[in-house]
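Okay, structure first, notes after.
Numbers here simply count residues along the sequence, with the first being 1. This one's a predicted model, so the numbers in the text were calculated from it and none came from an experiment.
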Amino acid sequence: MAETAAGVGRFKANYAVERKIEPFYKGGKAQLDQTGQHLFCICGTRVNILEVASGVVLRSLEQEDQEDITAFDLSPDDEVLVTASRALLLAQWAWREGSVTRLWKAIHTAPVATMAFDPTSTLLATGGCDGAVRVWDIVRHYATHHFRGSPGVVHLVAFHPDSTRLLLFSSAADAAIRMWSLQNRSCLAVLTAHYSAVTSLAFSANGHTMLSSGRDKICVIWDLQSCQATRTVPVFESVEAAVLLPEEPVSQLGVKSPGLYFLTAGDQGTLRVWEAASGQCVYTQARPPGPGRELTHCTLARTASLLLSATADHNLLLYEARSLRLQKQFAGYSEEVLDVRFLGPEDSHVIVASNSPCLKVFELQTSACQILHGHTDIVLALDVFQKGWLFASCAKDQSVRIWRMNKAGQVICVAQGSGHTHSVGTVCCSRLKESFLVTGSQDCTVKLWPLPKALLSKNTAPDNGPILLQAQTTQRCHDKDINSVAIAPNDKLLATGSQDRTAKLWALPQCQLLGVFSGHRRGLWCVQFSPMDQVLATASADGTIKLWALQDFSCLKTFEGHDASVLKVAFVSRGTQLLSSGSDGLVKLWTIKNNECVRTLDAHEDKVWGLHCSRLDDRALTGASDSRVILWKDVTEAEQAEEQARQEEQVVRQQELDNLLHEKRYLRALGLAISLDRPHTVLTVIQAIRRDPEACEKLEATMLRLRRDQKEALLRFCITWNTNSRHCHEAQAVLGVLLRREAPEELLAYEGVRAALEALLPYTERHFQRLSRTLQAATFLDFLWHNMKLPVLAATPTPWETHKEAFP
């Protein structure tokens with residue numbers, strides 16, 4: 001019995017969300033505050049505020065209209081944030097509190113495309129898709145200027161850094177830059193040199209020079225005193241942003257002499273530094289590998305000396321401004337997550353394979369992301385070796401790669417292999433030691449790849465790049481795509497699951513067929529060996545999970561509960577329970593012994609492709625098509641401890657309540673019963689009070705000393721009591737006290753009082769009707785009793801008197 005109890009105690013009962021890695025940036029503007037501690041970026045209908053140190057989204061600001069955010073800007077003093085939505089509303093935020101301080105109509109006839117604050121943080125300029133430029137006084141809350149004349153969408157506005165000059169610059173679809181005077185309310189000049197959209201404007205420290213960049217692959221230096229272009233610098237790429245660097249020598253960036261230098265970011269994906277005087281490129285950043293590296297945005301936080309750039313695949317990169325050394329990287333959007341795994345001996349990192357050739361490695365503590373390039377097509381599956389430093393990935397490019405993480409958390413590719421003739425959809429690493437891995441492909445074959453001895457050495461990276469893997473065994477296993485492979489804990493057996501609705505068992509390393517598991521009505525998505533028993537679990541598109549005996553290939557159990565395909569299954573609790581994920585977006589926890597679904601976890605909104613459990617079996621990781629990666633924590637012990645503490649507290653309170661009733665301390669007893677939120681216990685206390693000879697006075701005195709929230713709870717309890725004719729007298733007594741002694745204004749201020757009255761009235765009317773009928777019947781009976789005329793009965797002679805008369 002003790003062993004059984006211990007086994008039951010080890011069962012898991014619930015998981016809770018510990019952490020979410022969600023999309024927080026889907027393109028557009030991104031901005032740092034002056035201290036470099038917070039990062040602001042657009043994600044659909046919200047502006048997200050990230051803490052740079054931890055990578056946690058501190059606040060997510062959404063306007064009341066719940067429309068997409070089209071533009072935002074943070075004031076130079078970091079105090080005010082203004083957002084514009086598609087509903088043509090502007091919202092001014094106290095962003096640290098997350099509250100809107102002002103909401104007003106933009107007056108533009110089309111959405112606001114851009115906005116910018118002036119250096120004093122008092123004026124805000126907005127450029128609209130209607131070709132208008134408006135200026136707003138943020139402090140006094142009114143519109144100060146309205147400039148017309150720009151053709152098409154105004155996509156760029158900027159104030160001159162010298163606030164005394166009152167100049168505003170804008171650019172629209174005609175690629176011209178207009179200089180507006182706030183003092184004269186007119187256009188002072190139209191600067192024309194670009195032939196395509198102007199993407200950014202930057203000003204020198206003295207305010208006499210302006211730099212403009214465009215998608216026409218040139219940057220132009222302007223003299224603002226003469227309003228003439230002094231130099232045109234061809235940069236040979238479509239430039240999305242140009243930033244003027246501080247006028248001081250920085251040898252790491254090739255800035256060796258005083259003068260004007262600027263940095264460009266564009267479609268080549270590299271940051272480059274240019275000397276304005278000569279038009280020469282003095283520094284070029286090493287081009288990162290892989291697709292989607294084009295830079296779409298770049299901004300400089302001068303006080304913090306940080307440079308922020310955004311890539312086309314929604315990654316945000318933070319550089320130290322003086323050396324362009326990468327400090328941190330955030331993945332803003334992961335698209336469809338196809339697989340997830342814990343990484344590291346202590347599960348300190350998470351690997352994510354999304355709908356991309358790149359892998360993302362997140363450090364859980366800081367949310368910093370490392371992006372791994374190597375595959376040339378979408379990565380489909382992952383698996384980690386036992387020690388946690390090596391992991392494997394396979395992709396649609398028909399290849400498999402092995403990666404190693406060092407103690408600093410840096411990951412590099414150490415080996416690669418190819419040989420499949422179609423997409424490699426599944427991979428599994430050896431369990432006992434780091435000796436081999438197995439891949440399964442859409443070409444219906446599996447391959448066994450032994451790990452070279454050079455790969456297992458302590459060297460972090462091979463000198464000549466990744467080692468080439470050679471397949472030791474190739475075996476055609478199924479007639480359709482192989483969706484899953486699994487290696488037994490002893491490394492001697494291999495299980496394969498296929499779209500042909502069967503799973504098969506093979507002997508390693510020669511891949512000799514041992515048996516076939518048949519019974520599913522649709523294709524199999526996942527196969528897993530039990531860590532303790534000779535059992536295989538299979539998950540199928542028919543919505544079921546089956547357990548099979550390895551000895552005779554018979555089906556032991558079938559678990560039904562998912563409404564759609566079951567995509568992943570994993571053993572937990574030392575092989576006594578299962579975790580499964582499906583196309584219905586649900587994760588389910590099953591107890592094998594009784595086929596019971598213990599818990600259903602609903603946090604995803606789409607297919608849950610990835611499921612992995614930690615080494616200590618206390619956490620789980622899921623990834624889904626909704627771009628979310630969720631870290632789950634086993635809270636069974638915490639909930640059991642909490643429930644036990646709650647029960648103990650209930651016992652203590654119940655004993656205290658009995659003592660108070662025995663001592664006739666009704667006020668304390670009533671307050672305690674209300675705090676327990678048990679209507680029946682409160683009813684018992686009310687009945688005890690009413691049994692007292694001075695019931696009316698005591699009930700009234702006790703109720704009047706209750707707090708308002710306790711009276712509200714008492715009113716809620718009365719609704720329940722009033723539905724029963726046996727308890728309606730207590731309910732009416734409580735209501736009588738409240739109606740007699742509470743002012744109507746106070747009663748109406750009670751929470752939910754209107755709903756309570758609506759619930760009380762029908763039953764109260766019914767009770768009074770019943771009492772009226774009873775009273776009428778009693779009155780009629782009394783009337784009858786008093787008006788009955790009974791005839792006077794003659795005295796009947798006794799038998800003795802009759803005898804005397806007969807015998808005188």
Side-chain angles (χ1 to χ4, degrees), residues 29 31 34 40 47 61 63-65 69-95 99-174 176-191 198 200-203 207 210 212 222 224-225 227:
K29 182 177 180 179
Q31 185 176 359
Q34 294 299 323
F40 300 76
V47 171
L61 308 179
Q63 293 187 191
E64 292 177 1
D65 50 51
I69 301 294
T70 57
F72 80 92
D73 198 38
L74 179 69
S75 61
D77 60 5
D78 290 343
E79 292 300 322
V80 179
L81 177 75
V82 177
T83 60
S85 74
R86 227 172 251 287
L88 307 182
L89 288 176
L90 294 173
Q92 181 177 330
W93 299 83
W95 60 270
S99 59
V100 176
T101 57
R102 185 179 168 226
L103 189 69
W104 74 99
K105 290 183 179 179
I107 309 179
H108 289 277
T109 58
V112 174
T114 182
M115 63 173 65
F117 273 96
D118 80 324
T120 64
S121 301
T122 57
L123 296 179
L124 176 76
T126 58
C129 296
D130 55 358
V133 177
R134 293 181 180 272
V135 182
W136 311 83
D137 190 319
I138 294 298
V139 178
R140 296 174 184 168
H141 302 166
Y142 69 96
T144 62
H145 298 79
H146 180 198
F147 297 118
R148 294 190 185 93
S150 302
V153 177
V154 178
H155 58 263
L156 185 63
V157 290
F159 280 96
H160 193 278
D162 185 356
S163 58
T164 60
R165 298 181 67 173
L166 296 174
L167 292 177
L168 174 67
F169 296 83
S170 70
S171 181
D174 60 351
I177 302 168
R178 285 171 172 78
M179 183 166 68
W180 308 91
S181 170
L182 300 185
Q183 191 169 5
N184 300 333
R185 297 176 178 270
S186 62
C187 180
L188 298 181
V190 179
L191 312 180
V198 179
S200 69
L201 298 175
F203 301 89
M210 181 177 74
S212 65
W222 301 88
L224 293 181
Q225 293 176 326
C227 295

How close do [X] and [Y] get, counting heavy atoms only, and between which atoms?
X	Y	result
Met115	Ala84	CE-CB, 3.6 Å
Ala125	Val157	O-CG2, 3.9 Å
Gly207	Arg165	O-NH1, 3.3 Å
Ala176	Ser171	O-OG, 3.2 Å
Trp136	Ala106	CZ2-O, 3.1 Å

Okay, side chain of [X], backbone of [Y]: is any donor-acceptor separation there less than 3.5 Å?
X	Y	value
Asp130	His108	no
Ser85	Ile69	no
Asp73	Phe117	yes
His145	Leu182	yes
Trp104	Gln92	no

Classify the ring geometry of Trp180 against Phe147: parallel below 30°, tilted from 30° to 60°, perpendicular beyond 60°. parallel

Euclidean distance, Leu90 CG relative to Phe72 CZ, rounded to 0.5 Å: 14.5 Å

First locate atom CZ of Phe169, then atom CG of Leu156, and finally report the distance between them rounded to the nearest 0.5 Å. 11.0 Å

Is the count of non-hydrogen atoms from other residues, nucleotides or ligands lying under 6.0 Å from Glu64 atom CD greater than 12? no

Check side-chain contact (heavy atoms from CB on, under 4.5 Å) between Ser186 and all other residues, then give those that pass, not counting sequence neighbours. Asn184, Leu188

Sequence neighbours excluded, every pair satisfying salt bridge (charged side-chain N to carboxylate O under 4.0 Å, His left out) that has a member inside residues 176-186: Asp174-Arg178

Do Asp162 and Phe203 have side-chain heavy atoms sitting under 4.5 Å apart? no

Output, in order, the C-alpha distance, side-chain angles, deciding distance and verdict of side chain to side chain contact (heavy atoms under 4.5 Å, CB included) for Ile138 and Ser121. CA-CA 8 Å; Ile138 294 298; Ser121 301; over 6 Å; no

Any side-chain donor-acceptor pair under 3.5 Å between Gln63 and Thr83? yes

